[in-house]
Amino acid sequence: MNEDLFEDFLVKEKQRELEKLAMEEAERRTQTEEQRRSKEARAADEAVRAQAKAEIEIKNKKLQSMLSLARTCVDNLWYIEASTDTSGDTIRLYYNRNSRPLAHSTEIWMHGGYNNWSDGLSIVESFVKCNDRDGDWWYADVIPPEKALVLDWVFADGPAGNARNYDNNARQDFHAILPNNNVTEEGFWVQEEQNIYTRLLQERREKEETMKRKAERSANIKAEMKAKTMRRFLLSQKHIVYTEPLEIRAGTTVDVLYNPSNTVLNGKPEVWFRCSFNLWMHPSGALPPQKMVKSGDGPLLKATVNVPPDAYMMDFVFSEWEEDGIYDNRNGMDYHIPVSDSIETENYMRIIHIAVEMAPVAKVGGLGDVVTSLSRAVQDLGHTVEVILPKYDCLNQSSVKDLHLYQSFSWGGTEIKVWVGRVEDLTVYFLEPQNGMFGVGCVYGRNDDRRFGFFCHSALEFILQNEFSPHIIHCHDWSSAPVAWLYKEHYSQSRMASTRVVFTIHNLEFGAHYIGKAMTYCDKATTVSPTYSRDVAGHGAIAPHREKFYGILNGIDPDIWDPYTDNFIPVPYTCENVVEGKRAAKRALQQKFGLQQTDVPIVGIITRLTAQKGIHLIKHAIHRTLESNGQVVLLGSAPDHRIQGDFCRLADALHGVYHGRVKLVLTYDEPLSHLIYAGSDFIIVPSIFEPCGLTQLVAMRYGSIPIVRKTGGLYDTVFDVDNDKDRARSLGLEPNGFSFDGADSNGVDYALNRAIGAWFDARDWFHSLCKRVMEQDWSWNRPALDYIELYHAARKF
Ligand SMILES: Nc1ncnc2c1ncn2[C@@H]1O[C@H](COP(=O)(O)OP(=O)(O)O[C@H]2O[C@H](CO)[C@@H](O)[C@H](O)[C@H]2O)[C@@H](O)[C@H]1O
């Protein structure tokens, strides 16, 4: 075996080993999942039994008190004897109506039930006069149900629904202990409990069935959306490159059509096409460069490619000459188009996020959402994704499944306990240094540089000691920025030498020094929208590293934010019943906060109250909405106690002046945020700067219309209905909201007045807009593929 072949052999061996590990891990996970499910089923069964017992206890108590009132007869008023006319269980009930309220009625009827009316009115009989006795005696034959211990009844002058006068024993009703009943009291209760258990079990099954159907429907909607998004993406590149047919299948031939006039190759006499498959890793290597030929009269050039049956991705770049020259390689990322029906699956990667926030266990803001949702999206594409997080004492442990001690190691002068659990279906390792560093009651705010520096280093040490050898370590913002340089300084020559570090900037406002340092050491860096990446490209921390810096839009998790399966809103809805669903949510929101239930728009605001979010514009928007007859619900909390105090005073003043029309809730409340997203007509986000912004995306998922300031990711995701039609269409979208420039009240007024005006004057159009925004895909469907490409690109170094 020559050296190259041996190298190749080693790489393949390693790959096989990793795949084996992945399979073992998957197997282990399936088993754990099975165990979890059967444990859950057992627990649910026990809960149903306990509920049945509790119901029986209540019933028993009531019946016991009834039994103490029940008699076998009352002298000269009523008595029971076994029926002589009929066989078996029939009894005959006698009634002397003399001096009773029905003394003068023409008919006598019994309206009865049993066991303290447990089945309601279930026995109705008409009485016959006894002609052979003193007094005014009447009788009827009654067949009490088998499980009856007590017979309950009143007398009336007609059948049920047709009686006017009653003898109800002075409102006590009549209660008879039944003679010769063939059930013992104990047997009766055992049977009753079993009946209740069966009913509850049935109810639970039906509920599960409904949930399953809902989940299936939701999955179908998501799959359709995903396919639509992919098509839209392919079409959106059409002005540069597209294929015929548009969707590529393995084992077929496609034409690649390229328009150099929109790229760096504009005006070049020749264009060469270089192609391979499976992220340039296909066993047959890259195809020989192919000179593109003219297609039609326009600027389009064409190359024809045979796609092998084991291709799952087609990769290509364009160049000026056969060898070298200028390249159009999509800014270093190359062009990639997924191929369907391949007999091969994509190479799996292992990715570990090291982060200090993660929704919903330790979420402070959007970073926490992204760590969870990006990880889930990449995991859904078949990769292994894990997260390492500090084990804060303030961790929301109810959202962690199967939390247990994983191991313990000594490092940095202390023992570090490592816990493992599942959060939103992701494996998460929680590091708990025994020096109490993360037992201070908060995520941020206590000597954070030192704590998080220590955390980053110990996370790397944990990965090394366990030989996890991830392909990618992904770190976030200043708080886990140290991972980038600690890795390069201490671990790049270790057993994890092949790992690459990807760093994401969620907000350059904090810790720019750390961010700059991480930019130097990481292999690839991203920020959370293309526009923000351009906004900050000149910043000192970023400018020197622009060649490895990309803007990839955030997505939201369509399962976590789903009005069709959301437990915090009253009526589940999709884009098909958006009007009805939102109406119910709006009513619930108004009820919750004592807002008037009038036909007016609600503007919602959900935000951290910091300068970034445009505090003066938020205040102005509240006033402007109220002046325009709208209602406002704000959910926000300020890390700065002066701002918090300021808003508390504002809340007091507004709740007084605009009573029943405005509510400011100045806390962090995740469940409430769901109801506000669903119940509002508009969500306003007037940020001064916004790297991406998630609230406008969640708003759209719930059919609420975003009103935003045109900055960063807000600009990339919200397209003004009046001003951005072309910009939206160039991306294959329809306009979806209202936006404004400038950072003063005029800007807010410009957008808000149009929005509220449309709500009052063009309701049908407004409703169609709600439906339209719900149909747009702001999930990770597209951005997750960009991250995977980026991970692969990082590994190419
Ligand atoms: N009082 C409250 N109660 C309940 N929930 C609340 C809340 N206040 C805010 N939230 C929730 O927190 C999240 C905030 O998302 P943003 O995108 O506004 O993030 P943030 O500015 O924190 O993060 C940074 O990181 C994210 C992620 O990259 C970027 O999108 C963003 O531009 C950048 O500033 C949303 O899920 C929102 O619903």
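Order of appearance sets the numbers: ligands from 1, and atoms from 1 within every ligand. Fair warning: this is a prediction, and the values are worked out from it, not measured in the lab.
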Do I643 and I615 touch side chain to side chain, with heavy atoms closer than 4.5 Å?
-> yes
Is the closest heavy-atom distance from G636 to ligand 1 below 4.0 Å?
-> yes
Do any N/O atoms on L694 end up under 3.5 angstrom from N/O atoms on ligand 1?
-> yes
Numbering as shown, the atoms of ligand 1 that approach I606 to under 4.0 Å (heavy-atom distance) = 6 (C), 7 (C), 10 (N), 38 (O)
Are any of the heavy atoms in T667 under 4.0 Å away from ligand 1?
-> yes
Protein heavy-atom partner closest to atom 32 (O) of ligand 1 - residue, atom, separation in Å | E690 OE2, 2.4 Å
State which residues pass ring pair (Phe, Tyr, Trp, His ring centres under 6.0 Å) with Y702; sequence neighbours excluded, sorted by chain then number.
-> none
Considering the heavy atoms of T695, write down every atom of ligand 1 situated less than 4.0 Å from one of them.
-> 37 (C)
Kindly confirm or rule out an N or O of E670 lying under 3.5 angstrom from an N or O of ligand 1.
-> no
R727 to Y715, cation-pi by 6.0 Å centre distance and 45° axis angle = yes
Here the atoms of ligand 1 under 4.0 Å from any heavy atom belonging to Y677 are 37 (C), 38 (O)
Tell me which protein heavy atom sits closest to atom 14 (C) of ligand 1, plus the residue, atom name and distance to 0.1 Å.
-> G366 N, 3.7 Å
Is there a side-chain contact between E775 and K771, using heavy atoms and a 4.5 Å cut-off?
-> yes
Among H792, H474, H383, whose ring-ring contact (aromatic ring centres under 6.0 Å, His included) with Y787 holds?
-> H474
Walk me through it: do H476 and F503 pass the test ring pair (Phe, Tyr, Trp, His ring centres under 6.0 Å)?
-> CA-CA 6 Å; H476 301 264; F503 174 56; 8.2 Å; no
Within-cut-off N or O pair, W561 and ligand 1, under 3.5 Å | no
Residue list, ring pair (Phe, Tyr, Trp, His ring centres under 6.0 Å) with Y668, at least two apart or on another chain | none
In the protein, which heavy atom is nearest to atom 2 (C) of ligand 1, and how far is it?
-> Y668 CD1, 3.5 Å
Which of the atoms of ligand 1 are close to G693, meaning less than 4.0 Å from one of its heavy atoms?
-> 17 (O), 29 (C), 30 (O), 31 (C), 32 (O)
Name the orientation class of the two ring planes belonging to Y514 and W485 (parallel below 30°, tilted from 30 to 60°, perpendicular beyond 60°).
-> parallel
Atoms of ligand 1, numbered as shown, that sit under 4.0 Å from any heavy atom of Q612 | 21 (O), 34 (O)
Shortest non-hydrogen contact from W759 toward D681 = NE1-OD1, 3.2 Å
Top protein contact for atom 11 (C) of ligand 1, by heavy-atom distance | K363 NZ, 3.7 Å
In ligand 1, the atoms that come under 4.0 Å of a heavy atom of N507 are 34 (O)
In ligand 1, the atoms that come under 4.0 Å of a heavy atom of D669 are 3 (N), 4 (C)
Is a side-chain donor or acceptor of H655 paired with a backbone partner of L664 at a separation under 3.5 angstrom?
-> yes
Closest to atom 35 (C) of ligand 1 among protein heavy atoms sits D369 OD2, 3.6 Å
Straight-line distance of Y532 OH to L714 CG, nearest 0.5 Å | 12.0 Å
Which pair of heavy atoms, one from T717 and one from N736, lies closest together, and at what distance?
-> O-ND2, 3.0 Å
Hey, which atoms in ligand 1 end up nearer than 4.0 Å to a heavy atom of V370?
-> 27 (C), 28 (O)
Ligand 1 N/O within reach of G365 N/O, cut-off under 3.5 Å = no
OG1 on T372 to CD on E357, rounded to 0.5 Å = 9.5 Å
Nearest neighbour of atom 9 (C) of ligand 1 from the list L553, V528, T607, on a heavy-atom basis = T607
Option whose closest heavy atom lies nearest to atom 18 (O) of ligand 1, chosen from H506, E357, Q696, K613 = K613
Taking both backbone and side-chain atoms of S673, is any N or O found less than 3.5 Å from an N or O belonging to ligand 1?
-> no
